[in-house]
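Working notes, structure below.
Lettering follows sequence order; numbering is per chain, from 1.
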There are 2 protein chains.
Amino acid sequence: MVKKDQGNSELVSIPEPTLRRLPIYYKYLKMKFDEKDRYVSCTTIAKNLNLKSIQVRKDLQVTGATGKPKVGYHIESVLSAIETCLGYNNVKDTLLVGTGHLGLALLGYKGFREYGLNIVAAFDTDPHKIGAVYHGKKVYNLSQFKLLAQRLKIQIGIITTPAEVAQIVCDQMVESGIKAIWNFAPVHLMVPADVIVQNENMSSSLAVLSKQLLERKRS
Amino acid sequence: MVKKDQGNSELVSIPEPTLRRLPIYYKYLKMKFDEKDRYVSCTTIAKNLNLKSIQVRKDLQVTGATGKPKVGYHIESVLSAIETCLGYNNVKDTLLVGTGHLGLALLGYKGFREYGLNIVAAFDTDPHKIGAVYHGKKVYNLSQFKLLAQRLKIQIGIITTPAEVAQIVCDQMVESGIKAIWNFAPVHLMVPADVIVQNENMSSSLAVLSKQLLERKRS
DNA sequence: TAGATTGTTAATCGATTAACAATC
DNA sequence: TAGATTGTTAATCGATTAACAATC
């Protein structure tokens, strides 16, 4: 009980911009590690990711990782700090609804494993799809969602349905005890206050992209 | 030349957070309009989108749209202000590379039209896919990319390839004169300073989602 | 008219950046 | 040792929020 702040990095609330950058550092550092690098300075990280070195330093600080002056950061330690910080090492089971192209893309994405995300099964209402197995994940009838969600105590749901039915699916998820929804359908979902929604909003990214393009053209 | 600031809303640089919210207002207002509403107050918008009314007011302000005290904002006017502001009414042609599930999902997404984005054609290296037509868009051999990009003077490229080849594709795009890249591959791309990259970063959203979930559980 | 709602100016808050001392 | 790089405190910047006057 003498040391203060030791190991409580998870308890400190992390600014969202930092939170969003941590997975980017993580991927970059993994690559560096695979290339047999063992230490890296924040200057190098910054240069490669188009950031400022001071920002990298500040960001890594919140994970609890420390570096050595002159030497830089021990890549393996930072990786493990980020893993702890973002909960990559405890698996979060999820259920996905909607097996269109986007749903299948997510089902097949191997990278989620690395982030501790496990898509257990998929759901659809299309009789042609129910019963099929994609990327090792079975597609169930949506009517079974609640049963499975409750039995497996699933907390996270992924919506990759057409926009028109997303709210209905969302309601079902909420009713099944889902506490966080990752929404890829292009609609704003209405949920009770105790449920979290994270929208994957392509139109927002597109707005940023095309505005930047316009500004560049002007100069 | 008497009025100042008239019609130059496009020239004012818009804060990125606002820029990201504009498409969300746009979709919401379109829905309201389809429901035969003609005016809406920022209080109502805020309530429905989980924002603060003052923020909505500030955001709409940058589009040049104005409201009427007591009445609210004329939905149609705001829609058209956002359209102008985000360039929804001049079509931006793009080429997409990578016709996996994600690529097909984007090819098939009708909503892009509304944002002024038009995917002209797709590219792949898989002989089984080349020549196919998905959602009315033809798949060409990647080797033809430069030819088509230059002939059609394409400025925006979309990357939906596996991570391993994304950088190579990116380099080709840059060489073909592409000035903005919308990247869905989970890698950080290296580009010259005059090229814009917008990363669709699922790992960042996931980080935010799972962190929020963790925080909720604690309380 | 009365009051709901906008528009605008000022205050606050939080993230980024700068500066520099500590240190391997 | 000398100097590159971290860690930390302070300054800046920009977005959000508050307050309130203007107005339909």
Side-chain angles (χ1 to χ4, degrees), chain A residues 3-6 9 12-22 24-25 29 32 37-78 81-82 204 207-208 211-212 215, chain B residues 3-6 9 12-22 24-25 29 32 37-78 81-82 204 207-208 211-212 215:
Chain A
K3 286 184 190 169
K4 60 169 191 180
D5 283 348
Q6 183 68 9
S9 54
V12 177
S13 109
I14 300 173
E16 188 174 316
T18 298
L19 199 48
R20 292 191 159 272
R21 284 188 294 268
L22 287 180
I24 297 167
Y25 299 133
L29 292 171
K32 277 284 174 193
D37 285 4
R38 289 301 171 256
Y39 284 87
V40 66
S41 75
C42 64
T43 325
T44 309
I45 299 176
K47 208 179 299 165
N48 280 286
L49 299 178
N50 296 328
L51 300 169
K52 307 229 162 147
S53 66
I54 174 66
Q55 187 168 53
V56 176
R57 221 146 72 225
K58 269 274 154 94
D59 285 343
L60 294 186
Q61 198 158 259
V62 307
T63 68
T66 56
K68 282 186 205 143
K70 170 122 177 162
V71 180
Y73 292 86
H74 181 57
I75 293 178
E76 237 176 325
S77 308
V78 178
I82 296 178
S204 295
V208 175
K211 201 72 186 176
Q212 281 177 337
E215 257 156 43
Chain B
K3 287 184 189 171
K4 62 172 188 178
D5 284 347
Q6 183 67 10
S9 56
V12 177
S13 109
I14 300 173
E16 188 175 315
T18 297
L19 198 49
R20 292 190 158 273
R21 284 189 294 268
L22 288 180
I24 297 167
Y25 299 133
L29 292 172
K32 278 282 174 195
D37 284 5
R38 289 300 171 258
Y39 285 87
V40 66
S41 74
C42 63
T43 326
T44 309
I45 299 176
K47 208 180 299 164
N48 281 285
L49 299 179
N50 296 328
L51 299 169
K52 307 230 161 145
S53 65
I54 173 67
Q55 187 167 54
V56 175
R57 221 147 71 225
K58 269 275 154 92
D59 284 342
L60 294 186
Q61 197 158 260
V62 307
T63 69
T66 56
K68 282 187 204 140
K70 172 126 173 154
V71 181
Y73 293 86
H74 181 56
I75 294 178
E76 236 174 326
S77 308
V78 178
I82 297 179
S204 295
V208 175
K211 201 71 186 175
Q212 280 178 338
E215 257 155 42

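Pair assignment for dA4(C) gives dT23(D), based on Watson-Crick or G-U wobble hydrogen-bonding distances that are each under 3.5 Å.
Salt bridge status for Lys211(A) with Glu215(A): absent, with no side-chain N to carboxylate O gap under 4.0 Å.
Distance Gln61(B) CD to dA15(D) C1': 14 Å, rounded to the nearest Å. Taking atom CG on Leu60(B) and atom C1' on dT8(C), their separation rounds to 15 Å, with Å as the unit. Put simply, OH on Tyr39(B) is 14 Å from C1' on dT5(C), counting in whole angstrom units. The distance from atom CG of Asp59(A) to atom P of dT16(C) is 7 Å, rounded to the nearest whole Å. Here the C1' atom of nucleotide dT16(D) and the CG atom of Asn50(B) are 17 Å apart, to the nearest Å.
Exactly one residue among Leu49(A), Val78(A), Thr63(A) makes a side chain to side chain contact (heavy atoms under 4.5 Å, CB included) with Tyr25(A). That residue is Leu49(A).
Among dG7(C), dT16(C), dT6(C), the nucleotide with an atom closest to any side-chain atom of Thr18(A) is dT16(C).
In this structure a side-chain-to-backbone donor-acceptor pair under 3.5 Å is present from Ser204(B) to Arg20(A).
Between Val40(B) and Glu16(A), the residue anchored closer to the 5' end of DNA chain C is Val40(B), taking for each the nucleotide with the nearest heavy atom.
Atom-to-atom distance recorded for Asp59(B):CG and Ile54(B):CD1 is 10.0 Å, nearest 0.5 angstrom. In this structure, the separation between CG on Leu22(B) and CG on Leu60(B) is 7.5 Å, given to the nearest 0.5 Å. Distance check: Ile24(A) CD1 to Leu29(A) CG gives 12.0 Å after rounding to the nearest 0.5 Å. Atom CD of Glu16(B) sits about 10.5 Å away from atom CZ of Arg21(B), to the nearest 0.5 Å.
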Could you run down the sub-3.5 Å N/O contacts of the protein with nucleotides 17-21 of chain D?
residue: dT17(D); atom: O4; partner: Lys58(B); partner atom: NZ; Å: 3.1

Could you list all N or O pairs between the protein and nucleotides 22-24 of chain D that sit under 3.5 Å apart?
none

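Considering only residues two or more places apart in sequence or on other chains, Arg57(A) meets the salt bridge (Lys or Arg N to Asp or Glu O under 4.0 Å) condition with none of them.
Here Ser53(B) lies out of heavy-atom contact (under 4.0 Å) with every strand.
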